Amino acid sequence: MYQVHFFETYPRRRTLISINKRHTGETNSEFNMRHDWNSLLSDDPEMVFKFYSKEMFPPADTLLKYLLDYVTKFKIKIDYNRNVESIHQDPENFLFTIFTSGSDVYTCKYVVASTGISVLQQFANTIDKADLIEGYDTVSHNPEDYEGKKSFDSRKRKFGV
């Protein structure tokens, strides 16, 4: 079975903040897809997120089911649990070579990188008092923990202090 720990963990409140806009008032499928924040692109009109939930802000587990169904339906090969160490592009053929923390090396024509998790550890040595900073992955969601406290905007990221 698929290893999907990331999507079982994030978002931490387990509710999507992206609107499940099921009805745009238009019949144009291209227009509708541009207003669909949760679906992946495909030529299959049945593989859109609106068929998975009627809620405007669906539970994260609904997105997880959708993603797993998408991978299964389109037989997408995904290597899970890989940390990318570096990416290099060949200036002659424009192919990318991706090096991972293990011994895996991948070559591809396109690279899509997206993440919503904290990369605080990459900046920790450049931020004074970084040991007082918490990232999204560990910060408390209990409002009482923030009573009477202030926040700090580092101009790169927002941190609670």
Side-chain angles (χ1 to χ4, degrees), residues 1-21 29-50 52 57-141 151-161:
M1 188 56 192
Y2 300 109
Q3 298 173 12
V4 292
H5 178 72
F6 178 91
F7 293 105
E8 290 172 338
T9 305
Y10 299 104
R12 288 187 55 211
R13 289 190 180 235
R14 306 306 300 144
T15 300
L16 300 180
I17 61 170
S18 49
I19 296 172
N20 183 25
K21 190 155 187 141
S29 61
E30 186 68 27
F31 178 89
N32 291 337
M33 182 54 83
R34 291 182 184 274
H35 291 83
D36 182 339
W37 295 1
N38 298 306
S39 296
L40 299 173
L41 298 175
S42 83
D43 292 328
D44 185 339
E46 299 300 312
M47 282 308 296
V48 289
F49 191 77
K50 71 179 184 179
Y52 281 74
F57 297 100
D61 289 333
T62 306
L63 179 62
L64 178 59
K65 178 175 178 7
Y66 169 74
L67 294 173
L68 291 173
D69 288 351
Y70 194 95
V71 167
T72 301
K73 179 172 181 102
F74 295 109
K75 299 177 177 71
I76 298 173
K77 182 181 183 286
I78 298 176
D79 289 335
Y80 293 91
N81 297 321
R82 302 293 193 273
N83 291 319
V84 174
E85 294 292 322
S86 64
I87 301 173
H88 301 282
Q89 186 176 29
D90 186 310
E92 293 180 21
N93 63 17
F94 301 106
L95 292 177
F96 292 94
T97 303
I98 302 170
F99 300 90
T100 67
S101 54
S103 59
D104 299 313
V105 177
Y106 302 91
T107 303
C108 57
K109 188 174 180 179
Y110 303 102
V111 172
V112 177
S114 59
T115 179
I117 62 170
S118 173
V119 291
L120 178 59
Q121 63 276 7
Q122 293 177 11
F123 301 101
N125 62 348
T126 64
I127 301 172
D128 190 33
K129 304 217 185 244
D131 58 311
L132 301 176
I133 301 171
E134 281 194 77
Y136 172 75
D137 50 338
T138 59
V139 71
S140 170
H141 285 277
S151 64
F152 167 72
D153 181 350
S154 72
R155 298 290 173 206
K156 286 186 179 180
R157 306 221 187 304
K158 292 183 180 175
F159 301 104
V161 293

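Every value quoted in this text rests on a predicted model; they were computed, and no experiment measured them.
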Handout entry: Arg12 side chain to Thr9 backbone, donor-acceptor under 3.5 Å
Key = no
Problem - Min side-chain heavy-atom separation Tyr106-Val84 under 4.5 Å - result: no
Completion exercise
Taken in chain and number order and not counting sequence neighbours, the residues that satisfy ring pair (Phe, Tyr, Trp, His ring centres under 6.0 Å) with His141 are none
Handout entry: Interatomic spacing from CZ in Phe99 to CG in Asn83 - rounded to 0.5 Å
Key = 15.5 Å
Practice task
Measure the shortest side-chain to side-chain distance between Asp36 and Lys50 over non-hydrogen atoms and say whether it is less than 4.5 angstrom.
Solution key: no
Exercise for the section: Check for a donor-acceptor pair, side chain of Ser39 on one end and backbone N or O of Phe49 on the other, with a separation under 3.5 Å. Expected result: yes
Practice task
Taking the side chain as every heavy atom from C-beta outward, state whether Trp37 and Leu16 have any atom pair closer than 4.5 Å.
Solution key: no
Handout entry: Side-chain heavy atoms of Asp90 within contact of Thr97, under 4.5 Å
Key = no
Practice task
Report yes or no: do Asn38 and Tyr52 form a side-chain donor-acceptor pair below 3.5 Å?
Solution key: no
Exercise for the section: Would you give the length of the straight line joining atom NE2 of His88 to atom OG1 of Thr107, rounded to the nearest 0.5 angstrom? Expected result: 11.5 Å
Handout entry: Closest approach of Thr100 to Glu85 (non-hydrogen atoms, all atoms of both residues)
Key = C-CG, 3.6 Å
Completion exercise
dist Leu63:CG -> Thr15:OG1 (nearest 0.5 Å) comes out at 12.0 Å
Problem - Within-4.5 Å side-chain heavy-atom neighbours: Gln89 and Leu95 - result: no
Practice task
Give a yes or no on whether a salt bridge exists between Asp61 and Lys65, defined as a side-chain N under 4.0 angstrom from a carboxylate O.
Solution key: no
Exercise for the section: To the nearest 0.5 Å, tell me how far Asp104 CG sits from Ile98 CD1. Expected result: 11.0 Å
Fill in the blank from the handout: On a heavy-atom basis, the closest approach of Met33 and Leu41 is CG-CD2, 3.8 Å
Practice task
Output yes when a side-chain donor or acceptor of Tyr66 lies under 3.5 Å from a complementary backbone atom of Met47, and no otherwise.
Solution key: yes
Handout entry: More than 12 heavy atoms of other groups within 6.0 Å of Arg34 CZ
Key = no
Completion exercise
Across all chains, not counting sequence neighbours, the ring pair (Phe, Tyr, Trp, His ring centres under 6.0 Å) partners of Phe57 are none
